[in-house]
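What follows is a short report on a single structure.
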Amino acid sequence: TTTQGRLDSFFKVI
Amino acid sequence: MFEARLVQSSIFKKVLEAIKELLNEATFDCSDSGIQLQAMDSSHVSLVSLNLRSDGFDQYRCDRNLSMGINLASMTKIMKCAGNDDIMTMKAQDNADSVTFMFESPNQEKMSDYEMKLMNLDQEHLGIPETDYSCVIKLPSAEFARICRDLSQFGESVVISCTKEGVKFSAAGDIGSANIKLAQTANVDKEDEAVSIEMQEKVSLTFACRYLNYFTKATPLSPQVCLSMSAEVPLVVEYKIGEIGHIRYYLAPKIEE
């Protein structure tokens with residue numbers, strides 16, 4: 001099974 | 001004072017078509033260097049990054065930085081009022097709570113203006129790290145749209161695998177499975193029709209079809225699309241917008257549990 005990743009874990013909030 | 005004039009209003013119409021299914025509202029940041037937009041979809045799975053350079057406009061003036069919070073459904077209504085050949089001018093005063101769109105027919109016999117209220121949107125800017133991607137694939141944008149459309153019939157996910165030989169798009173589901181392979185084109189007589197691959201390391205990643213299909217709404221903006229991939233980082237799908245800028249979509253990969 002695969003789960004959808006979120007961008008928050010890759011990109012930092014400035 | 002902010003004023004931006006674009007002879008081809010159709011470019012702006014296409015930009016709007018390319019973002020309005022992913023985003024309900026967005027902030028257009030206007031500065032001396034141009035117009036930028038960066039926004040995530042509501043589920044934080046994808047991000048749209050739009051850049052329209054000031055030198056790509058026919059006239060451009062931005063005395064003070066201006067953030068325009070815009071409801072995209074409202075903007076779509078206004079852009080529908082513009083003819084494809086109309087000349088478009090966007091205008092706003094400093095600290096304005098509205099923006100005016102002016103459309104002129106090519107023969108200048110019809111002039112219309114539409115004022116739209118701006119919104120106060122909470123802005124959350126993301127820092128996107130510079131990445132050297134393992135694979136950079138350029139292919140005709142219509143081909144990519146066709147592949148995403150065809151494969152979405154088979155399943156919710158598409159696996160994109162890139163090797164030196166070519167790129168493979170795969171999907172599987174209840175009715176069966178599908179594989180589409182594209183080899184690098186041997187002759188590049190027609191640049192727009194070429195498939196080219198720059199590969200440092202082979203990569204295979206899984207993405208949600210639904211989002212890829214949203215991204216392909218940008219197809220009318222450019223004959224070519226560029227996919228950049230590295231293991232376990234978001235995919236970048238980039239469409240150039242003529243001589244004026246680009247639209248990039250970032251999509252988080254699906255992760256094996």
Side-chain angles (χ1 to χ4, degrees), chain A, chain B residues 22-23 27 29 36 38-49 67 122-131 133 155-160 170-173 204-212 214-215 228-237 248-257:
Chain A
T1 52
T2 55
T3 53
Q4 178 62 59
R6 283 164 61 99
L7 288 176
D8 313 61
S9 50
F10 297 103
F11 301 150
K12 280 190 198 131
V13 177
I14 299 173
Chain B
L22 272 171
L23 309 171
T27 301
D29 290 310
Q36 270 97 33
Q38 195 208 69
M40 275 194 282
D41 72 281
S42 56
S43 56
H44 288 211
V45 167
S46 68
L47 178 136
V48 181
S49 172
S67 288
D122 276 336
Q123 278 223 79
E124 198 179 57
H125 261 281
L126 291 180
I128 302 164
E130 285 285 319
T131 308
Y133 288 95
E156 288 177 1
S157 304
V158 173
V159 180
I160 307 178
S170 314
S204 181
L205 289 168
T206 306
F207 300 102
C209 276
R210 189 156 70 97
Y211 286 91
L212 295 176
Y214 287 146
F215 303 166
S228 301
M229 300 202 301
S230 277
E232 290 165 25
V233 304
L235 163 76
V236 191
V237 179
R248 287 186 189 139
Y249 302 94
Y250 294 83
L251 178 61
K254 289 193 168 192
I255 306 154
E256 290 286 339
E257 273 206 325

Hey, would you say the B:Y250 and A:F10 ring centroids sit under 6.0 Å apart? no
Roughly how far, to the nearest 0.5 Å, is the CG atom of B:L47 from the CZ atom of A:R6? 13.0 Å
A:L7 CG to B:D41 CG distance, which is reported to the nearest 0.5 Å: 7.5 Å
Can you tell me how far OG of B:S46 sits from CD of A:Q4, rounded to the nearest 0.5 angstrom? 9.0 Å
Please report the closest heavy-atom contact between B:A252 and A:G5, naming both atoms and the distance. CB-O, 3.3 Å
Is it true that atom CD of B:Q36 has more than 12 heavy atoms of other residues, nucleotides or ligands lying nearer than 6.0 Å? yes
